[in-house]
Chemist: 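Got a structure for you, written out below as structure tokens; questions coming shortly.
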Number of protein chains: 2
Amino acid sequence: MSKRTEKTIVDIAEELKLSVSTVSRALNDNPNISARTKDKVKKMARKLGYRPNALAAGLRNNKSKTIGLIVPRISMFFPAAISTIIQNKLQEHGYNLIICQSNDSYEQEVALVNTLYSARVDGLVVSTTLYTTDFSHFDVFRDNHIPLVFFDRVPKDYNVKVIKGDDYLGGFTATSHLIERGCRDIVHISGPLTCNLYLERVAGYKSALQQHKLPFRKSRIFYQELTRDNAWQTCEKIFAQKPYPDGIFASNDTTAITIMEYCRKINLRVPEDLKIVGYSNDPRTEIVTPPITSVDQYPAMMGERVVAALMELVTSRQTGAPRYSQEIIPIQLIARESSAGATKPVTKKK
Amino acid sequence: MSKRTEKTIVDIAEELKLSVSTVSRALNDNPNISARTKDKVKKMARKLGYRPNALAAGLRNNKSKTIGLIVPRISMFFPAAISTIIQNKLQEHGYNLIICQSNDSYEQEVALVNTLYSARVDGLVVSTTLYTTDFSHFDVFRDNHIPLVFFDRVPKDYNVKVIKGDDYLGGFTATSHLIERGCRDIVHISGPLTCNLYLERVAGYKSALQQHKLPFRKSRIFYQELTRDNAWQTCEKIFAQKPYPDGIFASNDTTAITIMEYCRKINLRVPEDLKIVGYSNDPRTEIVTPPITSVDQYPAMMGERVVAALMELVTSRQTGAPRYSQEIIPIQLIARESSAGATKPVTKKK
DNA sequence: TAAAGTAATGCAAACGTTTGCAAAATACAA
DNA sequence: TTGTATTTTGCAAACGTTTGCATTACTTTA
């Protein structure tokens, strides 16, 4: 019985003795409807409390004015920051955003891709799971030429639009920074190598060591999901026996912060005894004591580029515009107290 | 040309020489379709790469299996935590979630409510803007009996389902705690009173003072948007002249953290010279030095209750189930170092 | 005043589902 | 076998829009 109040353009048409097509056109500001009619229609629409039905319009037009977004989790700084930007930018373009979290589960990601396809989103933005190595669940989008953009955690060997940070340079810069500040035995705590961006940071780390003629040792690098618990456990391993490292480059800030807490517990001074660099420039790095050096990834810029790329794809759905390409967002090292110390000459060996 | 690949149930029907109705029923596991037919249909659906069109189904059924969520911003701890819970819970119920941010702008909130209505969401969950005092933009939902649930920042005098924290008790507990730890001159930094929950916390603050026979002074309470910048400025005001307060109860953790940083800058010892209590139990309170006492609001519980309430409303759309009621989620004070100190007897005056 | 041109409106089909009701096919009983 | 009950399937309308094409209503010009 409650449904009696839902007005449609048919109601407007009847009320005004016009045809539905005229009403539809009037509401959409079609140029060949007279100004007077438009006015009448809009007034009546307001009077009746008419609300357009996006489902019906979407069905007819084959577009929903909705974009899907899949991120690992919304509670982590970097994806949250990007989601915010994307949401606000898309709003300006008149698009809605369906934000979904995969919780870093491959199965959930697959399920989400399918429901978002069913929802007939006009485009999909994804930062993949840590463990996504098979990308065939995105085929529906790619093969149907529905705009598809990946950011940050992006696929390897899958032709698609990609916007990522400069992770190689990030790893290289972070490590070089530690070396320049005097570190000679640097541990790297990395995410799992199934995720491409960690691979690149590791490559940057290695390359920095090499360039400064420092030995690379497999035992000085750890691969793990970068959670607080794992960080703590790894610290226990690292500091179970001497010699202690004099620097740690952690591939996220949660890990870096946890390392610092561990150091406090075992009375290791940061930065005097151990220097730490994190990744992402999470605001938390600034409020801990001492503040932690980190690698900024310019989330705002990345978010804006994602939306720009998406809108390009959306508007050029059938033109021959290239559906894939890779864009690299720069990084910047933000030096803070956790890696302070005299910049030492780096060419001479210890 | 790309559209040629989009299969529909009509294609399945033709392929199988069945009617579309049979195919539809088969896919929906309707009981009076034979098992053999169901099997055939599902096989063919898979073979053709059929994907249901949620828009069409939604139009026909007058439901979209989608819920809308409006929060001030997704990058703040509390709304982010709740959103995560809500999203994951809804997924279990087979619902999609459209997360939107109002950025604490009333105009944006109004706009979002309208587009979400147009999108024909099956329900709406809202934590309002700081400045929302007129709630008439929600009338469309309320009057059409579309499930509508508010949490945390909830309306006043607007009959609707509400799930909120125990803000009065939170304010009371936080203040009492400071008093018990020896504070006699307690500043309260509150959010704007347009938002109901701050009003209640203020009431709790006052009542605690009164109960311990401490004077309430208007000059010791500040109303502001609880940002980092505002917190810093307020600190400058507070510490521009003596006597300094010996305790501050801040209505969010960002403010509490900023106060602590300010204290470090002016060499005021926390907790010896000044004790601090925040609100929300943001994980950041735990990693700063010293860790900050805060009031936990049980976001997980609140999120779960929100979804439960929503699902109740959704499933009992036309039964006479009450569309409004208020639920209070408990709070708990988490005492940390920022308010440490001997528990002093509180009855005797200074 | 009629012809021709332009502006404004209407008709009807289509988008992809679901579902009440009718019809057909099968099973069961006599 | 025939009739009846039961299971399975099909027909067609409906959901609320949009849009190509046809039609009608106005202007303008000669």
Side-chain angles (χ1 to χ4, degrees), chain A residues 2-42 44-45 48-66 115 117-122 144, chain B residues 2-42 44-45 48-66 115 117-122 144:
Chain A
S2 59
K3 272 302 88 50
R4 285 304 105 241
T5 71
E6 298 257 15
K7 300 297 182 183
T8 73
I9 56 171
V10 179
D11 297 313
I12 302 179
E14 281 173 358
E15 202 76 30
L16 255 33
K17 307 279 177 227
L18 281 173
S19 73
V20 283
S21 30
T22 303
V23 173
S24 170
R25 279 189 259 255
L27 290 172
N28 290 319
D29 269 325
N30 185 305
N32 47 5
I33 294 290
S34 70
R36 226 185 51 249
T37 311
K38 279 184 191 172
D39 213 59
K40 264 197 317 197
V41 169
K42 286 178 185 172
M44 181 56 71
L48 295 182
Y50 165 76
R51 308 283 174 143
N53 185 323
L55 291 178
L59 175 59
R60 167 66 221 231
N61 296 332
N62 201 29
K63 61 175 129 164
S64 59
K65 282 285 177 183
T66 298
T115 44
Y117 182 86
S118 271
R120 292 304 191 267
V121 291
D122 293 341
N144 284 309
Chain B
S2 58
K3 275 297 90 54
R4 288 299 106 245
T5 71
E6 299 258 14
K7 299 297 180 184
T8 73
I9 56 171
V10 179
D11 297 314
I12 301 180
E14 282 173 358
E15 202 76 31
L16 253 35
K17 307 278 176 227
L18 282 172
S19 73
V20 284
S21 31
T22 304
V23 172
S24 170
R25 281 189 257 256
L27 290 172
N28 291 320
D29 270 325
N30 185 305
N32 48 3
I33 294 291
S34 70
R36 226 184 50 247
T37 311
K38 279 183 190 170
D39 213 59
K40 263 198 316 194
V41 169
K42 286 178 183 171
M44 182 55 74
L48 295 182
Y50 165 76
R51 308 282 174 142
N53 185 324
L55 292 177
L59 174 60
R60 169 64 224 232
N61 296 333
N62 201 28
K63 61 176 127 161
S64 59
K65 281 286 177 182
T66 297
T115 45
Y117 182 86
S118 271
R120 292 304 192 269
V121 291
D122 292 340
N144 284 309

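The model shown is predicted, which means the values in this text are computed figures rather than measured ones. We name chains A, B, ... by the order of the sequence lines, and we start the count at 1 in each one.
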Chemist: Between D:dT9, D:dT17, C:dT18, which nucleotide gets closest to the side-chain atoms of A:Ile9?
Modeler: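 Of the options given, the side chain of A:Ile9 lies nearest D:dT17.
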Chemist: Restricting to non-hydrogen atoms, name the atom on A:Lys65 and the atom on A:Asp122 that form the minimum distance, rounded to 0.1 Å.
Modeler: N-OD2, 2.6 Å
Chemist: What residues form a ring pair (Phe, Tyr, Trp, His ring centres under 6.0 Å) with B:Tyr50, not counting sequence neighbours?
Modeler: none
Chemist: Applying a 4.0 Å non-hydrogen cut-off, can you work out what B:Ser21 is touching in the nucleic acid: base, sugar-phosphate, or nothing?
Modeler: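 The residue B:Ser21 makes base contact.
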Chemist: Here's a test of your reading of the structure: between B:Arg60 and B:Leu18, which maps to the more 5' nucleotide of DNA chain D?
Modeler: B:Leu18
Chemist: Would you find a donor on one side and an acceptor on the other, under 3.5 Å apart, between the side chain of B:Lys38 and the backbone of B:Asn30?
Modeler: yes
Chemist: Which part of the nucleic acid, if any, lies within contact of B:Asn61, taking any heavy atom under 4.0 Å across all strands shown: a base, the sugar-phosphate backbone alone, or nothing?
Modeler: sugar-phosphate
Chemist: Counting side-chain heavy atoms from C-beta on, which of C:dG16, C:dT18, D:dT17 comes nearest to A:Leu59?
Modeler: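 Selected nucleotide (nearest to the side chain): C:dG16.
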Chemist: If every non-hydrogen atom of A:Ile9 is compared with every non-hydrogen atom of A:Val20, which pair is closest and at what distance?
Modeler: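 The pair with the smallest heavy-atom distance is CD1-O, 4.1 Å.
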Chemist: Could one point to a donor on the side chain of A:Arg51 or the base of D:dG16 with an acceptor on the other under 3.5 Å away?
Modeler: no
Chemist: What's the angle between the local helix axes at either end of the helix from C:dT1-D:dA30 to C:dA30-D:dT1, using five pairs per end and rounding to 10 degrees?
Modeler: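 The end axes of the helix from C:dT1-D:dA30 to C:dA30-D:dT1 are about 50° apart, to the nearest 10°.
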Chemist: Backbone N or O of B:Ala54 within a donor-acceptor pair of the A:Ser118 side chain at under 3.5 Å?
Modeler: no
Chemist: Just verifying a value: how many Å separate B:Met44 CE and B:Lys7 NZ, rounded to the nearest 0.5 Å?
Modeler: 10.0 Å
Chemist: Taking any heavy-atom pair under 4.0 Å as a contact, classify B:Ser34: base, sugar-phosphate, or nothing.
Modeler: sugar-phosphate
Chemist: Does B:Ser19 put a side-chain nitrogen or oxygen below 4.0 Å from OP1 or OP2 of D:dG10?
Modeler: yes
Chemist: Provide, to the nearest angstrom, the distance between the CG atom belonging to A:Asp11 and the P atom belonging to D:dG16.
Modeler: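 Going from CG in A:Asp11 over to P in D:dG16 covers 9 Å.
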Chemist: Give one of base, sugar-phosphate or nothing for A:Lys17, where a contact means two heavy atoms less than 4.0 Å apart.
Modeler: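 Here A:Lys17 touches the backbone only, sparing every base.
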Chemist: Between B:Arg120 and A:Glu6 (salt bridge meaning N to carboxylate O under 4.0 Å), is one present in this structure?
Modeler: yes
Chemist: Indicate whether OP1 or OP2 belonging to D:dT17 is found under 4.0 Å from a side-chain N or O atom of A:Ser24.
Modeler: no
Chemist: What nucleotide among D:dC21, C:dT17, C:dA8 has an atom nearest to a side-chain atom of B:Thr8?
Modeler: C:dT17
Chemist: Would you mind reading off the distance between B:Asn30 atom CG and D:dT7 atom C1', rounded to a whole angstrom?
Modeler: 12 Å
Chemist: Measuring from the side chain of B:Arg25 (C-beta onward, heavy atoms only), which nucleotide among C:dT9, C:dC21, D:dG16 has the closest atom?
Modeler: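 Ranking C:dT9, C:dC21, D:dG16 by closest atom to the B:Arg25 side chain puts C:dC21 first.
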Chemist: Below the 4.0 Å mark, does C:dT18 have OP1 or OP2 next to a side-chain nitrogen or oxygen of B:Asn28?
Modeler: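 Looking at the OP1 and OP2 atoms of C:dT18, one of them is under 4.0 Å from a side-chain N or O of B:Asn28.
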